[in-house]
Chemist: 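Before I ask anything, let me first share the structure, which is written out below as structure tokens.
All chains are named by letter (A, B, ...) in the order of the sequence lines, taking the proteins before the strands, and each is independently numbered beginning at 1.
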Amino acid sequence: MSVVTRFAPSPTGFLHIGGARTALFNWLFARHHGGKFLLRIEDTDRKRSTQEAIDAIFEGMRWLDLDWDEEPLFQSTRAQHHAGCARKLLDQGKAYYCYCTPEELAEMREKARAEGGRMLYDGRWRDRSPSEAPDGIPPVVRFKAPQEGETIISDSVQGDVRVANDQLDDMVLLRADGTPTYMLSVVVDDHDMGITHVIRGDDHLTNAFRQTQLFLSLGWSPPVFGHIPLIHGADGAKLSKRHGALGVEAYRDMGFLPETVFNYLLRLGWGHGDDEIIDRQQAVEWFDLPGVGRSPARFDMDRLTSLNAHYIRTADDRRLADAITPLLAERLGSPPDADAMSRVAAGMPELKERGKTLGQLADSALFYAFKRPLELDNKATKILNDQARAILGRLVPALTTFDPWTAENIETAVRDFAEAEGLKLGDVAQPLRAAFTGTNVSPGIFEVAAVLGRDEALGRIEDIAD
RNA sequence: GACCCCAUCGUCUAGUGGCCUAGGACAACAGCCUUUCACGCUGUAGACACGGGUUCGACUCCCGUUGGGGUCGCCA
């Protein structure tokens, strides 16, 4: 059997981190098994669905490079067909009209709660004749669910889960206005799309029972379910806006690389021995449902950040320079010029060892983009006292006597100078750093000097030296 | 409240009855390296929720308790 999975978000908001992981697992599972990964937009709630949300979902998927097969299916376009399936059940006596008013249902739940039972529909119209229908109340169509026995799903993640059928009520298939509900639409679409594996959040586990019954009632065999545990916030509760549950684009904007988010999400609830750094190719090869854990995982920003530091360190220099260009422009107040950017690119091998996010990377690269004379921060000002300025003044001639201008030669020159002057290397290096960068923290100072070039380097020294 | 799910270091996890004096990673702490900051390296601290079984032997299997989570819409 060839595998077909799907990701079916409802476009009522951005692609949040939990949804992204669901998409990731579906994508991985399909790719691992050489099957198809489909996308379905569940926009049946027209009031809450927006084009912005649809765009955000597509964008998030592309950012993570989760490519889908075939054109995305918009569920709203299939409403007629869904309703037809409900009528078929009606004709076969597997569904019925219910004339309860919302008030009546509210009262029913109120009573159930008071009596300590489940807040279920009591099936009061299940066996009543339509001739008893009250005037002026448009009915909904309810599914005539089995009342005895139990429903079992063999979940690929959770194992066999069973529930007594009397714990499940007759769900609404068609609303009073004739539009299909989520329960009906999902089942019909999953069937029509040939979905073999439904991988989704654990919060859908109870829906799986009802959907299984519906599949059976329509004469179809249900797909294999895999309910993956939810992602929780640091406090252990379901990730919500309260916890800063953000869209993937928010993580992009915070300076995280897509491969970081990919790797992080992958390791949340799934593991492969002691492996931590796993690229997409390796993930496709290794991923499978039996490896997915059953307990919820908490979102950990520290770990995400640490992974990002790793992926920045190993990323291509040119790509990083391009990625931080807009951030530099923001900080400078205008786009960095070509000279500035070539220095930034040249300095990238050392810079990327230090930045944990693209924002930090931009901050640390900023001094390369500055124009002379540099503005000194407090630390640099403190370092550049009269004595330090005098030292730098005497150092200048020593920096003009050798070629080529390489980190190695610069280091030799500075060390020789320090020795000749009876100074510790730090007595020269720290003032140099302050002069070159305007601050007290930077990559190795000889590499910085080399990247700046002799003219720029000497210029920056002369700007502050006596 | 009812139903369902879950339970190993602070966090993510390895572990599928003996390889476990429970391994790795992040975070924490100490140190080394060093011109600063990182990186890197070394080390320290840190967990099988509890109670019963089953077994020659349980982190691993069963039951209960406790704790956490999810679901109970004419939302998806």
Chemist: Roughly how far apart, to the nearest Å, are A28(B) and U35(B) at atom C1'?
Modeler: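 It comes out at 28 Å once rounded to the nearest Å.
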Chemist: Tell which nucleotide pairs with C3(B), taking only Watson-Crick or G-U wobble pairs whose two distances are both under 3.5 angstrom.
Modeler: G70(B)
Chemist: So what's A76(B) paired with, Watson-Crick or G-U wobble, going by both distances under 3.5 Å?
Modeler: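 A76(B) is unpaired by these criteria.
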Chemist: Leu266(A) has an atom CG; how far is it from atom P of U13(B), in whole Å?
Modeler: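 Nearest whole value for this atom pair: 11 Å.
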Chemist: Side chain of Arg294(A) only, heavy atoms from C-beta on: which candidate in C26(B), C4(B), C6(B) is closest?
Modeler: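 Among C26(B), C4(B), C6(B), the one nearest the side chain of Arg294(A) is C6(B).
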Chemist: Pick base, sugar-phosphate or nothing for His204(A), based on heavy-atom distances below 4.0 Å to the nucleic acid.
Modeler: base
Chemist: Is there a side-chain contact between Ile137(A) and Thr101(A) in this structure, where contact means two heavy atoms from C-beta onward sitting under 4.5 Å apart?
Modeler: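 When only atoms from C-beta onward are counted, Thr101(A) and Ile137(A) do touch, with a gap below 4.5 Å.
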Chemist: State which of C39(B), C4(B), A2(B) makes the closest approach to the side chain of Leu205(A).
Modeler: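 Nearest nucleotide to the side chain: C4(B).
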Chemist: Contact class for Pro443(A) vs. all strands (heavy atom < 4.0 Å): base, sugar-phosphate, or nothing?
Modeler: base
Chemist: U13(B) phosphate, OP1 or OP2: any side-chain N/O from Arg303(A) under 4.0 angstrom?
Modeler: no
Chemist: When all nucleic acid strands are considered with a 4.0 Å heavy-atom cut-off, which category describes Leu230(A): base, sugar-phosphate, or nothing?
Modeler: sugar-phosphate
Chemist: With rounding to the closest Å, how many angstrom separate the P atoms on C59(B) and G18(B)?
Modeler: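 Nearest-Å result for C59(B) against G18(B) at atom P: 11 Å.
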Chemist: Of the nucleotides U13(B), C26(B), A76(B), which one has an atom closest to the side chain of Asp302(A)?
Modeler: C26(B)
Chemist: Please tell me which of the listed nucleotides, C12(B), U35(B), C39(B), lies nearest to the side chain of Ala297(A)?
Modeler: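 In terms of side-chain proximity for Ala297(A), the closest of C12(B), U35(B), C39(B) is C12(B).
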Chemist: Measure centre to centre between the rings of Tyr96(A) and Trp125(A), then say whether the value is under 6.0 Å.
Modeler: no
Chemist: Reckon Arg109(A) has a side-chain N or O less than 4.0 Å from the OP1 or OP2 of C74(B)?
Modeler: yes
Chemist: Is the Phe225(A) ring parallel, tilted or perpendicular to the His227(A) ring (thresholds 30°, 60°)?
Modeler: parallel
Chemist: At 4.0 Å (heavy atoms only), tell me whether Ser442(A) reaches a base, stays on the sugar-phosphate, or touches nothing.
Modeler: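 Result for Ser442(A) = base.
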Chemist: From the options A27(B), C37(B), U13(B), select the nucleotide whose nearest atom is closest to the side chain of Val441(A).
Modeler: C37(B)
Chemist: Does the side chain of Gln282(A) come within less than 4.5 Å of Ile277(A)'s, by heavy atoms?
Modeler: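 Not touching, per the 4.5 Å side-chain cut-off.
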Chemist: For a quick check of understanding: with a heavy-atom distance under 4.0 Å over all strands, which category does Val161(A) fall into, base, sugar-phosphate or nothing?
Modeler: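 Sugar-phosphate, backbone atoms only, no base.
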Chemist: With a 4.0 Å cut-off on heavy atoms, is Leu174(A) in touch with a base, just the backbone sugar-phosphate, or nothing at all?
Modeler: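 If one applies the 4.0 Å heavy-atom cut-off, Leu174(A) turns out to touch nothing in the nucleic acid.
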Chemist: Is there a donor-acceptor contact under 3.5 Å linking the side chains of Arg433(A) and Gln430(A)?
Modeler: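 Short answer, yes.
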Chemist: Any idea which of U11(B), C4(B), C12(B) is nearest the Asp300(A) side chain?
Modeler: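 Side chain of Asp300(A) sits closest to U11(B).
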Chemist: With a 4.0 Å cut-off on heavy atoms, is Gly269(A) in touch with a base, just the backbone sugar-phosphate, or nothing at all?
Modeler: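 Sugar-phosphate only.
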Chemist: Let's see if you can work this out: which of C39(B), U36(B), U71(B) has an atom nearest to the side-chain heavy atoms of Glu353(A)?
Modeler: C39(B)
Chemist: Any strand counts, and the cut-off is 3.5 Å on both contacts for Watson-Crick or G-U wobble. Which nucleotide pairs with A22(B)?
Modeler: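 With both distances under 3.5 Å required, A22(B) matches none.
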Chemist: Base, sugar-phosphate alone, or nothing: which one does Ala176(A) contact when heavy atoms must sit under 4.0 Å apart?
Modeler: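 Counting heavy atoms under 4.0 Å across all strands, the contact made by Ala176(A) includes a base.
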Chemist: Within the 4.0 Å heavy-atom criterion, would you say Cys98(A) contacts the bases, only the backbone, or no part of the nucleic acid?
Modeler: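 Cys98(A): no heavy atom of the nucleic acid under 4.0 Å.
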Chemist: Categorize Arg298(A) for me: base, sugar-phosphate, or nothing, with a 4.0 angstrom heavy-atom threshold over every strand shown.
Modeler: sugar-phosphate
Chemist: Pick the P atom in A27(B) and in U42(B), then give their distance to the nearest Å.
Modeler: 16 Å
Chemist: At 4.0 Å (heavy atoms only), tell me whether Phe299(A) reaches a base, stays on the sugar-phosphate, or touches nothing.
Modeler: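 It contacts nothing in the nucleic acid.
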Chemist: My understanding is that a pair needs two contacts under 3.5 Å, Watson-Crick or G-U wobble. By that rule, which nucleotide pairs with A49(B)?
Modeler: U65(B)
Chemist: Counting only side-chain heavy atoms from C-beta out, which of A27(B), G40(B), C3(B) sits nearest to Arg313(A)?
Modeler: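 Per side-chain heavy atoms of Arg313(A), the pick is G40(B).
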Chemist: Rounded to the nearest Å, what distance is computed from the CD atom of residue Glu276(A) to the C1' atom of nucleotide A27(B)?
Modeler: 13 Å
Chemist: So Asp177(A), base contact, sugar-phosphate only, or nothing? Heavy-atom distance under 4.0 Å.
Modeler: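 No contact.
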Chemist: Are any of Thr44(A)'s side-chain N or O atoms less than 4.0 Å away from OP1 or OP2 of A76(B)?
Modeler: yes
Chemist: Provide the Watson-Crick or G-U wobble partner of G43(B), both distances under 3.5 Å; none if there is no partner.
Modeler: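 Across any shown strand, G43(B) pairs with C29(B).
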Chemist: Considering every strand and a 4.0 Å limit on heavy-atom distances, what is the contact class for Arg162(A): base, sugar-phosphate, or nothing?
Modeler: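 Arg162(A): backbone/sugar contact only, no base atoms under 4.0 Å.
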Chemist: Can you figure out which of U13(B), C39(B), U36(B) approaches the side chain of Gln430(A) most closely?
Modeler: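 Nearest to the side chain of Gln430(A) among the choices is U36(B).
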Chemist: What integer number of Å spans the P atoms of A25(B) and G40(B)?
Modeler: 11 Å
Chemist: Mark yes or no: Arg21(A) above the aromatic ring of Phe25(A), with NZ or CZ under 6.0 Å from the six-membered ring centre and no more than 45 degrees from the axis.
Modeler: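 That pair qualifies as a cation-pi contact.
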Chemist: Under 4.0 Å, counting only non-hydrogen atoms across every strand here, what does Asn440(A) touch: a base, just sugar-phosphate, or nothing?
Modeler: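 Base, at least one base atom sits under 4.0 Å.
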Chemist: In whole angstrom, give me the gap between the C1' atoms of C26(B) and A58(B).
Modeler: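 Between the two C1' atoms, the distance is 30 Å.
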Chemist: If I pick the P atom on G46(B) and the same atom on G64(B), what distance separates them, to the nearest angstrom?
Modeler: 34 Å
Chemist: Among Phe7(A), Phe37(A), Phe58(A), which residue satisfies the ring-ring contact (aromatic ring centres under 6.0 Å, His included) criterion with Trp68(A)?
Modeler: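 Of all the options given, the one that passes is Phe58(A).
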Chemist: Of Arg124(A), Arg126(A), Lys94(A), which is the lone residue that meets salt bridge (charged side-chain N to carboxylate O under 4.0 Å, His left out) with Asp170(A)?
Modeler: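 Among the candidates, only Arg126(A) passes.
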Chemist: Asn263(A) vs Arg267(A), test: side chain to side chain contact (heavy atoms under 4.5 Å, CB included). Steps then yes/no.
Modeler: CA-CA 6 Å; Asn263(A) 195 151; Arg267(A) 284 284 291 104; 3.8 Å; yes
Chemist: Consider the side chain of Asp203(A), meaning its heavy atoms from C-beta on, and name the nucleotide among U71(B), A76(B), C26(B) that approaches it most closely.
Modeler: U71(B)
Chemist: Expressed in whole Å, how much space separates the C1' atoms belonging to A49(B) and G69(B)?
Modeler: 16 Å
Chemist: Using atom C1' in both nucleotides, what's the gap between C61(B) and U54(B) to the nearest angstrom?
Modeler: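 To the nearest whole Å, 8 Å.
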